[in-house]
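Encoded as structure tokens, the structure appears first; notes follow it.
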Amino acid sequence: VAESCTASVGLVALLAPRAAAKMRVDVSRLRFSLSGRVLDIWDTWHELGEPRELQLVVLPFCNDFKDELLEAVSGQDLDQVNQVLGRLQDPNARSRDHVSAFMKASILGQPESMVALYGAE
């Protein structure tokens, strides 16, 4: 990592995939901060003043888009499933009859949606 920091590679672009893999979370849930400022993906180590420390925030899932996720799975719309998950919707959302989005995808024979839901955890 140290060698890459001196190049013109964005620090967040460099660190986020590694942190996500280590923490087993989706990279979209990570935000890096320096002195209270959320970093842009392309801010370089040099542009940031060669900091020795950064703060890492892992954003929680929400349930604001639960109905949209369940409708996307029911409609077999993988692009919409991915879009809703990209808004940090909890992939374990359940319908009123307690059927999870993953279970619904399984019942409907949607392996791609199952992979997307599983990978979002």
Can you get from [X] to [Y] by hopping between Ile, Leu, Val, Met, Phe, Trp and Tyr side chains that sit under 4.5 Å apart?
X	Y	result
L34	L59	no
V115	M103	no
L15	W42	yes
V84	M114	yes

Is any side-chain heavy atom of [X] less than 4.5 Å from a side-chain heavy atom of [Y]?
X	Y	result
P91	F61	yes
S100	N92	no
L54	L11	yes
L78	N82	yes
P51	W45	yes
V57	L30	no
L56	M23	yes
L39	S33	no

*Selection residues 51-69 - residue pairs positive for side-chain hydrogen bond (donor to acceptor under 3.5 Å, both in side chains), sequence neighbours left out*: N63-Q89, E68-R87
Any donor-acceptor pair under 3.5 Å from [X] side chain to [Y] backbone:
X	Y	answer
Q80	D77	no
D43	D40	yes
R94	V99	no
S106	F102	no

_Distance check, rounded to the nearest 0.5 Å: S95 atom OG versus K104 atom NZ?_
5.5 Å
*Measure the spacing between CZ of F32 and CZ of R37 and express it to the nearest 0.5 Å.*
14.0 Å
I need the minimum non-hydrogen distance between [X] and [Y], along with the two atoms involved.
X	Y	value
V73	Q110	O-NE2, 2.7 Å
V27	A16	CG2-CB, 3.5 Å
P111	G109	CD-O, 3.2 Å
L117	A105	CD1-CB, 4.3 Å
I41	V12	CA-CB, 3.8 Å

*Could you walk me through whether S28 and L88 pass side chain to side chain contact (heavy atoms under 4.5 Å, CB included), step by step?*
CA-CA 8 Å; S28 66; L88 302 180; 3.8 Å; yes
*Q76 and S113: CA distance, side-chain angles, deciding distance, side chain to side chain contact (heavy atoms under 4.5 Å, CB included) verdict*: CA-CA 8 Å; Q76 301 186 25; S113 289; over 6 Å; no
_Please determine whether side chain to side chain contact (heavy atoms under 4.5 Å, CB included) holds for the pair L69 and L85, giving the CA-CA distance in whole Å, both sets of side-chain angles, and the decisive distance to 0.1 Å._
CA-CA 8 Å; L69 178 62; L85 291 173; 4.2 Å; yes
